[in-house]
Amino acid sequence: MKLITAVIKPFKLDDVREALSQIGIQGITVSEVKGFGRQKGHTELYRGAEYVVDFLPKIKIEAAVKSDLVDQTIEAITNAAHTGKIGDGKIFVTSLEQTIRIRTGETGDAAI
């Protein structure tokens with residue numbers, strides 16, 4: 001089992017959610033986050049004053065998937081979140097040692 005974490009542009013959330021549901025991913029967790037990468041923020045003009053926006057709004061999506069769905073999940077997220085412009089985001093894949101469904105007590109792949 002793997003935990004896939006993707007940080008994407010906010011307006012791409014619906015596209016990514018739809019792409020994941022099409023490949024059979026049943027559950028995701030979505031968080032509104034702020035951060036920066038190589039783009040290091042940007043400057044904006046507000047009421048005649050220029051100021052620097054260091055942290056940009058992003059969406060963090062987390063999905064626990066079976067190991068055999070990792071490549072499909074990465075491809076679905078990449079295709080749905082891609083704009084070709086700076087700040088498209090990142091995908092992180094980490095191993096899950098154990099998963100437990102609280103309601104039923106199921107463990108492992110059955111809990112996903």
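One-based numbering along the sequence shown. Here the structure is a predicted model, which means the values were calculated and not measured. Computation of the quantities below employed the complete heavy-atom set of this structure, encompassing side-chain atoms and omitting hydrogens, waters and symmetry-equivalent molecules.
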Taking the side chain as C-beta and beyond, is there a heavy-atom pair between N79 and E75 under 4.5 Å? yes

Would you say I8 ends up clustered with V93 if hydrophobic residues are merged whenever their side chains have heavy atoms under 4.5 Å apart, either directly or through other cluster members? yes

Please report the interatomic distance CD(E62) to OG1(T5), rounded to the nearest 0.5 Å. 4.5 Å

Please give me the minimum heavy-atom distance between A63 and G27, naming the atom from each residue. CB-O, 4.0 Å

Spacing of OG1 belonging to T99 relative to CG belonging to L96, to within rounding of 0.5 Å: 4.5 Å

Flag the pair K58 / K34 as yes when at least one side-chain heavy-atom distance between them is below 4.5 Å, and no otherwise. no

Given L13, I25, T29, I77, the one that forms side-chain contact (heavy atoms from CB on, under 4.5 Å) with I61: L13

Kindly indicate, with the supporting measurements, whether the criterion side chain to side chain contact (heavy atoms under 4.5 Å, CB included) is fulfilled by V7 and I59. CA-CA 6 Å; V7 180; I59 295 291; over 6 Å; no

Output for pair (K9 NZ, I86 CD1), nearest 0.5 Å, gives 8.5 Å

Between the side chain of R101 and the main-chain N/O of T107, is any donor-acceptor distance below 3.5 Å? no

Is any side-chain heavy atom of K60 less than 4.5 Å from a side-chain heavy atom of V30? no

Nearest heavy-atom approach of L69 to V65 is CB-CB, 4.4 Å

Taking V33's backbone N and O only, do any of them form a donor-acceptor pair with S31's side chain (distance below 3.5 Å, no angle check)? no

Give a yes or no answer on whether the side chain of D88 reaches the backbone of T83 with a donor-acceptor pair at less than 3.5 Å. yes

Determine, stepwise, if the pair T94 / K2 fulfils side-chain hydrogen bond (donor to acceptor under 3.5 Å, both in side chains). CA-CA 6 Å; T94 53; K2 303 288 183 183; over 6 Å; no

With a 4.5 Å limit on heavy-atom distance, are the side chains of I91 and I4 in contact? yes

Exercise: identify the closest heavy-atom pair between A19 and A80: CB-CB, 3.9 Å

Here the gap from Q98 atom CD to I100 atom CD1, rounded to the nearest 0.5 Å, amounts to 4.0 Å

Contact summary for S67 and M1, nearest pair of heavy atoms: OG-N, 3.0 Å

